[in-house]
Peer 1: 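Got a structure for you, written out below as structure tokens; questions coming shortly.
Order of the sequence lines sets the chain letters (A, B, ...), proteins ahead of strands, with each chain counted from 1.
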There are 2 protein chains.
Amino acid sequence: MQTTGDQFLVKKINKSIVLEKIRTESPLSRAQVSELTGLNKGTVSALVGELIGDHLVYEIGLGQSSGGRKPVMLHFHKTAGYAVGIELGVTFILTVLTDLEGHIVAEQRLPLDVKQPDEVFERLVQQVRALLDRAPQSPYGIIGIGIGVPGIVDASGTILFAPNLQWESFPLKIKLEQEFGLPVTIDNEANVGALGEKQYGAGQTSDDLIYLSVSTGVGSGIILGGRLFRGASGFSGEIGHTSIEVNGRRCSCGNRGCLELYASEGALLEQAASMGIDSFDQLVERAEAGAPEALQLFRQTGEYLGIGIANIINSFNPGLILIGGQMVGAEAWLRNPVQRVVRQRSLPYHREGLEIRFASLKMHSAVLGAAYYAISAFLYKDRVTL
Amino acid sequence: MQTTGDQFLVKKINKSIVLEKIRTESPLSRAQVSELTGLNKGTVSALVGELIGDHLVYEIGLGQSSGGRKPVMLHFHKTAGYAVGIELGVTFILTVLTDLEGHIVAEQRLPLDVKQPDEVFERLVQQVRALLDRAPQSPYGIIGIGIGVPGIVDASGTILFAPNLQWESFPLKIKLEQEFGLPVTIDNEANVGALGEKQYGAGQTSDDLIYLSVSTGVGSGIILGGRLFRGASGFSGEIGHTSIEVNGRRCSCGNRGCLELYASEGALLEQAASMGIDSFDQLVERAEAGAPEALQLFRQTGEYLGIGIANIINSFNPGLILIGGQMVGAEAWLRNPVQRVVRQRSLPYHREGLEIRFASLKMHSAVLGAAYYAISAFLYKDRVTL
DNA sequence: AACTTAGTTTGTCGGATGTACAAAGTCGGA
DNA sequence: TCCGACTTTGTACATCCGACAAACTAAGTT
């Protein structure tokens, strides 16, 4: 039984449209909203009235006249509530408190030296609790918790498998909801990163974008037609485990020649070990100092990354590719080799109108995406998009 | 200015839902439609009344009573109009006339020995004209022409590039519309093939499926969330030109180690040449006779295909992979190697709930998909889906 | 006769729309 | 500087449309 149409549906649609416009393009007057959306002036008036009652919109005062009565300018009420965004990393927990526009009002980073699920969960809870204490008063208070994790998550919010944490079947969503009594949204780190960049970062211009999260491994978040594409079971985007070398090295996943064996932080450090380097930051320092081996290593990584990206371009024909994760720190040395290889290997028509950029939120793509997840779940609870 | 909601939108949505239900699950009574859709009985009555007035639904008579008044059974009026479906191949033009349920009522196949755009276009027009003459009388007559082509098509219906036909920038849609004064829909052969299998063939069960068209090259049609995904500019699905071998052979596309150099009819025939074989059918004959070299060739092709498919699975997490194109003729020898390699190389969670099948419409996937394109454009002109 | 099921009719309700209008401006000319 | 003409903003009100619930008719079964 699918969603059918009735008057309530119509109202939900229109109210969402009005809120969305004000949220993304404020300040706006009622008249401008009517103009921009095509909705009747009276309709806009009524809906804005409700949104003001909902504390989601407020009047900021009079604007400039353009030859007639002065307009009443409307703003999105970004402090009507706050969201918690979490990135559960392999070696850290990053938590932020944001307003409804995704501005960070508090931030905490806790290094992680343990991996046991229950231990980690306890620290996670502590972090969130500390953050909640710092939340300002607001009409709605904390509206939800969003979290990105380094693993595969099913529809019920259970982490099925997180290789780098060595977790299996951990019902994180349910446990967090029980702990805090707040709505919890959870997804793969690459998916929330994609969402973050699309909403607040370098991805705002494109509706068909692929966010590549290049860290220990290579994951991706796929946004098609403006929406996150999760695949049939919610596991889409494991681009790090596509094979680019039929008889390449064996990967822990069972496949051979996986992209992330050649183009990831893990692959990079493995090779850098022979140079006596054991962290990404060290390697970046060397490159900054102009060490040829370091530069060569980055160039090679960029080239492999370009191969993976060309494959994505030919398959998906996205409008934008965003490179994120740890690897954004090496943008200076990666940019050219990536671009060159993509130019060589992708199809000409696909390349037209395509952009390749680096994530602009840097280390915050995922936390902000996670927070936005919670925010959009709150703002558009029963939203219907056409 | 986006689509906003009003009463007309509601009606369009509901009318589409009712028609869709009757079209796909007839015979149904009004009461059953109400039950299945969740729409009020009165609403269904009114909408069915209109659909009957539109000649799209008719009453077939009384059905079985289940303890009360006998229901009036409704049927989709599949002969209210006819659609033309065309597959423009490299060596042939296949045209069909179908009713609105996609049943073929007339079919023509013309071998093509020319490639010049104007020549081909002329023959195409002749074929269509001959088909139109054979169309039965019906309330709507011919409702549209759908066509699948072996190349890249832009949003305006221009064939930008068709390598195997050696065409560039040919405005096929506009020319056909001028010629026949009928609505024309046009898309890549793999995309219409995907649509055909999804609608009438082996893909009816899945909303996230990838149709692999394995013929001279390897293309794909990607259906996500029940809709065809075209990419940012409409060129998605060139999976044949994803690289599976970094330093593999050069491909005409500029890339190296492209999948279709290893797993396509073209690749197969190239290798079969040394056996004195120069057509796909000959190779199949040999395999049927049990010739070890032929069997080995198919096995190898299946293995490479499996590698490409594993990459697709890990990237997209589809619910179903359909193998179509010429290669369906070799299902018997391909099935096992493909399955084996996919089992070895795809991620376990992605493999769960995934099916790999061969296209069930065989050579008709594309024509029927093309016809369905035209049919759905007619039935759901201003449809809005939620 | 009592109960079921199918389908229609009728009145109600919610929400978008168009029109009219009041409020509050701008602007140009005397 | 003042005044009248015109603009723009936002609200009020009557109307229309379509879904819905409930009552009702029709036609069966048990």
Peer 1: Distance check: side-chain N/O of B:T43 vs OP1/OP2 of D:dC20, anything under 4.0 Å?
Peer 2: yes

Peer 1: Using a cut-off of 4.0 Å on non-hydrogen atoms, how would the nucleic acid contact of A:K11 be classed: base, sugar-phosphate, or nothing?
Peer 2: sugar-phosphate

Peer 1: Is there a donor on the side chain of A:N40 or the base of C:dA16 sitting less than 3.5 Å from an acceptor on the other?
Peer 2: no

Peer 1: Start with the C-alpha gap between A:D208 and A:L320, add the side-chain angles, then the distance that decides, and say whether side-chain contact (heavy atoms from CB on, under 4.5 Å) holds.
Peer 2: CA-CA 7 Å; A:D208 295 287; A:L320 176 64; over 6 Å; no

Peer 1: For the pair made of NZ in A:K70 and P in C:dT26, what is the distance, rounded to whole Å?
Peer 2: 6 Å

Peer 1: Between atom CZ in B:R30 and atom P in D:dT25, what is the gap in whole Å?
Peer 2: 19 Å

Peer 1: Distance check needed: C:dG14 P versus B:F8 CZ, whole Å only.
Peer 2: 20 Å

Peer 1: Rounded to whole angstrom units, what separation is found between the CG atom of B:L9 and the P atom of D:dC16?
Peer 2: 21 Å

Peer 1: Under 4.0 Å, counting only non-hydrogen atoms across every strand here, what does A:V72 touch: a base, just sugar-phosphate, or nothing?
Peer 2: sugar-phosphate

Peer 1: With nearest nucleotide decided by heavy atoms, which residue, A:V10 or A:R69, maps closer to the 5′ end of DNA chain C?
Peer 2: A:V10

Peer 1: Kindly say if B:S45 contacts the phosphate of C:dT9, meaning a side-chain N or O under 4.0 Å from OP1 or OP2.
Peer 2: no

Peer 1: So B:S65, base contact, sugar-phosphate only, or nothing? Heavy-atom distance under 4.0 Å.
Peer 2: sugar-phosphate

Peer 1: Please determine whether ring pair (Phe, Tyr, Trp, His ring centres under 6.0 Å) holds for the pair B:F316 and A:F316, giving the CA-CA distance in whole Å, both sets of side-chain angles, and the decisive distance to 0.1 Å.
Peer 2: CA-CA 10 Å; B:F316 289 89; A:F316 288 90; 4.3 Å; yes

Peer 1: What I want to check is whether the side chains of B:Y200 and B:E101 have a donor and an acceptor closer together than 3.5 Å.
Peer 2: no

Peer 1: Which whole-number value in Å describes the distance from A:E35 CD to D:dT7 C1'?
Peer 2: 14 Å

Peer 1: Flag the pair B:D207 and B:R227 as a salt bridge only when some basic side-chain nitrogen lies within less than 4.0 angstrom of an acidic carboxylate oxygen.
Peer 2: no

Peer 1: Could you state the CG-P distance from A:L47 to D:dG10, rounded to the nearest angstrom?
Peer 2: 14 Å

Peer 1: State whether the distance check finds a donor on one side and an acceptor on the other, under 3.5 Å, for side chain B:K41 versus base C:dG7.
Peer 2: yes

Peer 1: Would you mind telling me which residue lines up with the more 5' stretch of DNA chain C, B:D6 or B:G68, judged by nearest nucleotide?
Peer 2: B:G68

Peer 1: Please say which of B:I186, B:T185, B:L182 ends up in a side-chain contact (heavy atoms from CB on, under 4.5 Å) with B:I145.
Peer 2: B:L182

Peer 1: Whole Å only: how far is the CD atom of A:E50 from the P atom of D:dT11?
Peer 2: 13 Å

Peer 1: Starting from C1' on D:dG10, measure out to CE on A:M73 and report it in whole angstrom.
Peer 2: 14 Å

Peer 1: Of all the choices, D:dC20, C:dG25, D:dC16, which nucleotide is nearest to the side chain of B:Q7 once you look at every atom?
Peer 2: D:dC16

Peer 1: When the nearest nucleotide of DNA chain D is assigned to A:E59 and to B:N14 on a heavy-atom basis, which residue is associated with the more 5' position?
Peer 2: A:E59

